*Asks:* 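Quick one: the structure is below, questions incoming.
Here the structure is a predicted model, which is why all the values come from computation and not from measurement.
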Amino acid sequence: MVYNNLKALIKGIRSCKTVADERALIQQESAAIRASFREEDSFQRHNNIAKLLYIHMLGSPAHFGQIECLKLVASPRFSDKRLGYLGIMLLLDENQEVLTLVTNSLKNDMNHSNMYAVGLALCTFANIASEEMSRDLANEIEKLLGSSNTYIRKKAALCALRVVKKVPDIADHFTSKAKNLLTDRNHGVLLTAITLVTEMCQIDTAILDEFRTAVPLLVRNLKSLVTTGYSPEHDVSGITDPFLQVKILRLLRLLGKGDEQASETMNDILAQVATNTDSSKNVGNSILYETVLTVLEIEADTGLRVMAINILGKFLSNKDNNIRSYVALNTLNKVVSMDTNAVQRHRNIILDCLRDGDISIRRRALELSYALINEQNVRILIRELLAFLEVADDEFKLGLTTQISLAAERFAPNKRWHIDTVLRVLKLAGNFVREEILSAFIRLVAHTPELQSYTASKLYLALQSDISQESLTLAATWILGEYSEIILQGGIVDDDQTIMISDKDLIDLVLSILDSPYANYLIRQFVLASVTKIAARSTTCVPEQDRIAEVLAKYTTSPELELQQRAVEFASLFSLGDTRIGVLEQMPPPELKATVMGVVSEKKPVGSTKGQDADLLGDEVPSTPGGATNQPTVSVQSNQDLLAEIFGSSSTTDAASPPVPQQKSSVNDILGLFGDSGPQSATAPQTPYPSATPSYPSTPATATYTPTQATSPPPAPVVPVQQRYTTYPAYDKNDLKITLTPQTSPTKPGIVMILARFQVSGGDAATGLSFQAAVPKSQQLQMLPMSNSNINPGAVETQQMRVVAPVGSNVRLRLRIAYSLAGQNYQEQVDFAGFPPGLTGTPS
């Protein structure tokens with residue numbers, strides 16, 4: 001059955017009872033339409049195209065009607081043109097070859113006397129124009145932009161937008177006409193013109209600079225919209241044409257970015273929009289949001305920026321979750337770096353969002369809370385984050401524990417608060433703590449001898465109450481094993497009460513972990529190392545020694561290879577007598593290095609305070625202005641090399657050697673205890689390896705040396721007066737002078753600290769200074785980064801070096817110096833041997 005018109009076809013398709021019947025009917029009708037096209041039935045062409053477009057909308061193929069649509073467009077009747085252009089827009093796209101046949105029809109209809117026929121052509125062009133068609137008809141579009149008919153100007157502007165997107169290199173052809181359109185009083189024309197100008201400004205910076213002169217005009221247009229009373233034609237919820245206001249604000253954002261003059265022109269109107277717009281409805285909120293984005297993007301006044309952030313603060317209290325999450329919190333996350341103090345005023349509302357039922361709001365509030373932490377509010381915000389950690393979803397905990405630990409590391413007011421914070425994190429979410437955070441905590445405790453007893457007591461009590469948190473168990477096991485003699489001698493400190501414990505109590509607690517269902521492969525390794533160290537330092541409880549030996553013997557047959565290997569090694573140490581005590585003594589404090597993501601405090605490594613840092617000798621020295629740096633240095637020897645030296649050089653170690661003294665702060669001292677033949681050759685480059693990350697300050701030419709012990713709080717200074725060190729010239733050419741000042745300690749023979757000073761005597765600055773040094777193979781060298789590679793006249797820049805040399809040897813340096821001065825580059829190499837003999841000490 002063939003249907004005569006579209007209405008009959010729709011009725012027939014709707015009467016089909018099954019999908020199969022519908023498909024059969026469509027196929028039958030499509031065949032009839034094709035037959036009619038072949039017969040060139042011009043009377044039925046209109047009905048056939050109408051039916052074909054409906055079939056196309058149902059998803060069936062209709063491409064065979066493309067040429068017939070072109071024939072309808074060529075008809076003089078408006079109804080045929082309208083249907084033909086509709087068919088072209090639906091059945092063709094810019095990749096079709098048939099499109100080239102449409103160009104001539106479009107050009108003819110753009111010059112048609114009927115404005116609606118022109119409108120059809122422009123509408124079709126704006127939807128399907130290809131690059132080639134855009135080039136061909138660009139002149140026609142430009143001509144229509146100057147039409148006296150607002151209906152045509154509006155559509156021509158959208159066609160120009162299509163041309164600009166397809167052929168950006170001819171965008172400047174529309175500049176003058178677009179400027180004229182900005183003065184149009186018709187809202188539709190102005191809306192499309194601003195859309196066109198915005199696209200042109202994004203494409204070409206030259207056009208952007210040209211349109212900056214139009215800022216006063218845009219400001220006037222926006223002001224008229226804000227101050228105009230009720231206009232029924234453009235009113236939306238009591239606001240005049242919010243769509244046009246948003247478009248103007250977006251264009252002002254582009255024009256004001258990086259331009260102070262343009263920003264100054266629009267400051268007043270932005271403040272007026274921000275204060276006069278009703279925020280009780282979504283229409284007003286959309287305008288306020290665009291205003292905030294514009295203020296934050298341009299070179300606005302400080303007061304205007306604060307007003308914008310206050311608007312975002314109001315959005316935080318909105319009942320609509322989308323406004324709170326995707327508008328307020330997202331935007332505040334972007335602007336918190338611009339004006340942190342202004343965002344801080346809304347801290348309480350942000351923290352309240354952590355308790356919101358919407359997970360997206362909690363996530364964004366959490367990210368914003370991280371950015372708000374500073375030295376002044378670290379206690380308050382960390383307390384809130386710890387409270388949130390107790391109830392947080394598991395997906396938040398890993399990032400939350402990391403951020404809390406990093407914030408504590410950067411802004412801790414003191415070391416005890418830092419340790420308490422990390423302990424709290426380990427108790428609440430020990431199964432969601434990164435390995436780097438755990439390592440940083442252990443390093444912090446190792447470098448804080450005055451708090452080792454306190455930390456060990458807290459971990460002992462925490463381990464008694466909960467062994468389900470993996471990181472807490474690992475930290476407690478390691479610290480209790482490492483500093484067992486401290487709590488065995490001083491007892492457990494709990495609420496200002498001291499509880500004495502025995503070797504048996506400590507060993508029972510640590511060994512109970514092995515029987516726990518939470519004990520995994522890594523925890524068992526930590527437990528074996530811990531009880532072995534406890535046994536090595538305990539000489540009063542023989543049954544416990546035998547008990548630990550039995551445990552080690554049990555694990556010598558473990559199927560886990562690493563666990564078995566450790567058990568065998570530790571069991572063999574039990575038969576080595578005094579050597580066992582030396583091998584299992586307290587480890588030297590690990591190197592200070594950055595934690596996860598490399599985020600550490602500027603000029604403050606892990607666990608340090610503002611006024612103190614460890615120098616290369618392991619002592620506490622006052623930091624000097626400009627001397628501190630957060631750049632890494634090169635480690636002398638890794639922990640793996642140290643263990644290899646201990647276990648691999650037994651043939652050269654004297655078994656009858658005296659008991660090993662307490663730990664030193666230098667790795668080389670440990671190596672010397674085990675018969676190390678001498679330090680290996682190592683020269684540190686100017687750019688250190690990224691894996692080692694201690695941060696040290698420059699040492700002043702005059703310093704008070706205070707020796708410290710790693711296992712007890714630092715004693716009072718031994719040397720009450722300052723020591724003067726002689727300065728030796730190393731280089732003096734081209735107005736650049738370099739001097740070297742050595743510093744030694746009688747308790748550390750063979751270690752020489754050298755402070756290099758750089759000065760310029762002329763009127764020009766030395767820029768890009770590169771200072772490199774090398775030592776003979778029998779010596780080792782470490783270098784810290786230079787305080788500043790640009791040496792200004794009158795300024796003194798410094799760089800610190802550390803040389804480890806055989807006792808009694810002379811320190812010799814080969815220096816390579818490269819710099820630029822007065823536009824000329826210099827590079828020189830100097831051999832320096834000017835230090836006096838005996839600087840490294842007298843051999844015994």
*Asks:* Is there a donor-acceptor contact under 3.5 Å linking the side chains of Ser512 and Asp515?
*Replies:* no
*Asks:* What I want to find out is whether Arg355 reaches Glu384 closely enough, with some N-O distance under 4.0 Å, to be called a salt bridge.
*Replies:* yes
*Asks:* Rounded to the nearest 0.5 Å, how far does CG of Leu312 lie from CD1 of Ile323?
*Replies:* 11.5 Å
*Asks:* Do Asp466 and Tyr518 meet the criterion of a side-chain donor-acceptor pair at a distance under 3.5 Å?
*Replies:* no
*Asks:* With sequence neighbours excluded, tell me which residues meet side chain to side chain contact (heavy atoms under 4.5 Å, CB included) with Ile359.
*Replies:* Arg362, Arg363, Asp393, Glu395, Phe396
*Asks:* Heavy atoms only: give me the nearest Ser471-Leu438 pair and the separation to one decimal.
*Replies:* O-CD1, 3.6 Å
*Asks:* Name the one of Asn330, Asp358, Asp356 that satisfies side chain to side chain donor-acceptor pair (under 3.5 Å) with Arg324?
*Replies:* Asp356
*Asks:* I need the minimum non-hydrogen distance between Leu528 and Thr532, along with the two atoms involved.
*Replies:* O-OG1, 2.6 Å
*Asks:* Are side-chain N/O atoms of Glu560 and Gln525 paired as donor and acceptor at under 3.5 Å?
*Replies:* no
*Asks:* Which atoms form the tightest heavy-atom contact between Pro589 and Ala446, and what is the distance?
*Replies:* CG-O, 3.8 Å
*Asks:* One thing to verify: whether Glu390 and Arg424 come together as a salt bridge, which I'm taking to mean a side-chain N less than 4.0 angstrom from a carboxylate O.
*Replies:* yes
*Asks:* Looking at CG of Leu366 and CZ of Phe388, how far apart are the two atoms once the value is rounded to the nearest 0.5 Å?
*Replies:* 5.0 Å
*Asks:* Does atom CZ of Arg524 have more than 12 heavy-atom neighbours, drawn from other residues, nucleotides or ligands, at distances under 6.0 Å?
*Replies:* yes
